[in-house]
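Presented below is the structure to which this report refers.
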Number of protein chains: 2
Amino acid sequence: MQEQLTKFITDRIQLTEADLQQVLSCFHLLVAKKNEIIGRTGEPSRRMFFVNKGCLRVYYIKPDGREATRRFAFENSFSTSLTSFIGGTLLKEDTQAVEPSQLLYINREDFYRLLNTIPNWEKFYRGFLEQAYIINTSRLEDFITLNPRERYQLLLKENPEMVLRLPNKLVANYLNITQEALSRIKSGS
Amino acid sequence: MQEQLTKFITDRIQLTEADLQQVLSCFHLLVAKKNEIIGRTGEPSRRMFFVNKGCLRVYYIKPDGREATRRFAFENSFSTSLTSFIGGTLLKEDTQAVEPSQLLYINREDFYRLLNTIPNWEKFYRGFLEQAYIINTSRLEDFITLNPRERYQLLLKENPEMVLRLPNKLVANYLNITQEALSRIKSGS
DNA sequence: CTGATTATTTGATCCTGATCAATGTTATAG
DNA sequence: CTATAACATTGATCAGGATCAAATAATCAG
């Protein structure tokens with residue numbers, strides 16, 4: 001059950017066997033049904049998820065009720081509403097399993113406790129933050145430098161899995177366009 | 001000269017006097033003229049800047065030569081193209097002083113060396129990364145959830161200094177709209 | 001101070017992607 | 001399996017900003 005997580009961690013930092021066990025013991029299984037919402041806007045941020053199997057979608061809900069997708073997380077990646085997780089504040093976005101998913105989560109207190117007890121965990125967190133920052137900045141760059149068609153083409157090139165695996169509707173939302181617009185882009189009109 | 005920087009650091013982490021001096025000794029003065037470009041796309045990322053006085057603008061250059069502003073940094077903030085700084089890779093954006101500026105910079109090697117020599121510097125970096133992530137994510141949120149008028153109104157509310165201090169042209173570019181559109185938004189048409 | 005450059009405003013037109021609507025296609029629950 | 005709902009496609013129209021153009025206004029270098 002925790003092989004993927006173990007690999008993810010040990011690929012990034014060195015840990016003694018005891019430290020590794022302590023880290024792993026903080027993670028718990030959560031099985032989510034398709035479309036189940038596992039983090040809701042307004043709740044306090046409590047957990048960080050590792051996706052073992054399935055896919056998570058993190059999205060804002062606009063005042064008019066429409067959604068805006070910030071990111072997807074597939075297998076072997078971590079996902080949390082980091083902005084809220086950092087301060088333990090209220091979530092500003094929902095997290096939803098868009099496929100039946102198998103997740104390993106760690107509670108916020110445990111996560112931060114590890115920072116004090118496991119020397120190299122700070123390094124793990126640093127790498128996590130750096131990666132999260134890079135991904136986010138690249139996404140911001142896409143929005144301020146590319147038009148919808150270019151964004152789609154870039155996504156198809158850099159992240160074909162997302163286009164192939166997810167329904168059009170969600171891909172369009174991720175690109176911040178309507179599904180009609182995406183349909184037309186795909187058909188090349 | 002280094003009072004502001006000293007305050008910035010000691011407000012965030014605890015350092016012995018010796019450690020503080022070691023940190024400060026890594027920072028060097030750079031005076032930049034208005035419109036001077038102090039970091040150019042394609043160069044290796046070498047420096048991180050602390051703005052003592054003035055203002056920096058970080059922007060992408062699109063294939064057609066137009067610019068897209070990612071961020072501004074005013075007094076008492078750090079600025080670098082973090083995405084490139086992290087890996088020491090080539091810059092993907094320019095950094096320009098939009099006002100006559102007084103900067104303190106630290107070289108990349110020195111910055112990362114401090115991570116190994118000064119125990120609390122890792123904590124400083126963590127805070128820096130967290131802040132940078134939060135700011136970026138909030139900006140991404142603005143783009144995927146708000147229209148141009150709403151983005152302007154939010155900016156005026158949360159960051160009035162930017163609207164008051166910078167030329168319209170730059171504010172418009174930051175909002176990813178034309179200066180004509182911003183002019184019309186401001187005049188309330 | 002002054003001429004030249006750069007920024008701002010305003011108007012007219014255009015174009016991209018949103019919206020609305022209808023039809024066809026897949027998934028999915030029971 | 002089948003009924004129903006969710007998703008995808010296609011067409012027609014609309015609207016918000018971009019673009020182009022011209023007239024002021026503000027800066028700045030010399």
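Keep in mind the model is a prediction, meaning the values are calculated, not measured. Order of the sequence lines fixes the chain letters, A, B, ..., with proteins taken first and strands second; residue numbering starts at 1 for each chain.
Atom CG of B:N35 and atom P of D:dC28 are 9 Å apart (whole Å). Rounded to an integer number of Å, the gap from CD of B:E67 to P of C:dT6 is 14 Å. The distance between atom CG of B:L170 and atom C1' of C:dT6, rounded to the nearest whole Å, is 12 Å. Protein atom NZ of B:K186 is 12 Å distant from nucleotide atom P of C:dT10, rounded to whole Å. In this structure, B:E99 places its CD atom 14 Å from C1' of D:dT27, rounding to the nearest Å. As rounded to whole Å, 17 Å separates atom P of D:dG16 from atom CG of B:L182.
Minimum atom distance to the side chain of B:S187 is reached by C:dT10, of the listed D:dG17, C:dT10, C:dG17. Residue A:P148 has its side chain nearest to C:dG17 when only D:dC28, C:dG17, D:dA8 are considered. Looking at the side chain of B:K169, the nearest of the listed nucleotides D:dA8, C:dA7, C:dG17 is C:dA7. Listed nucleotides: D:dT10, C:dA7, C:dG17. Nearest to the side chain of B:Q179: C:dA7. Checked against D:dA18, C:dT28, D:dC28, the side chain of B:T178 finds its nearest nucleotide in D:dA18. Of the listed nucleotides (D:dA18, C:dT9, C:dA18), D:dA18 has the atom at the smallest distance from the side chain of B:I177.
Residues B:Y174 and B:Y59 place their aromatic rings such that the two centres sit no closer than 6.0 Å. With ring centers used as reference points, A:F78 lies 6.0 Å or more from A:F49. In this structure, the ring of A:F50 has its center less than 6.0 angstrom from the ring center of A:F8.
Within 3.5 Å, a donor on the side chain of B:E180 pairs with an acceptor on the base of D:dC20, or the reverse. Between the side chain of A:R184 and the base of C:dT19 there is at least one donor-acceptor pair of N/O atoms closer than 3.5 Å.
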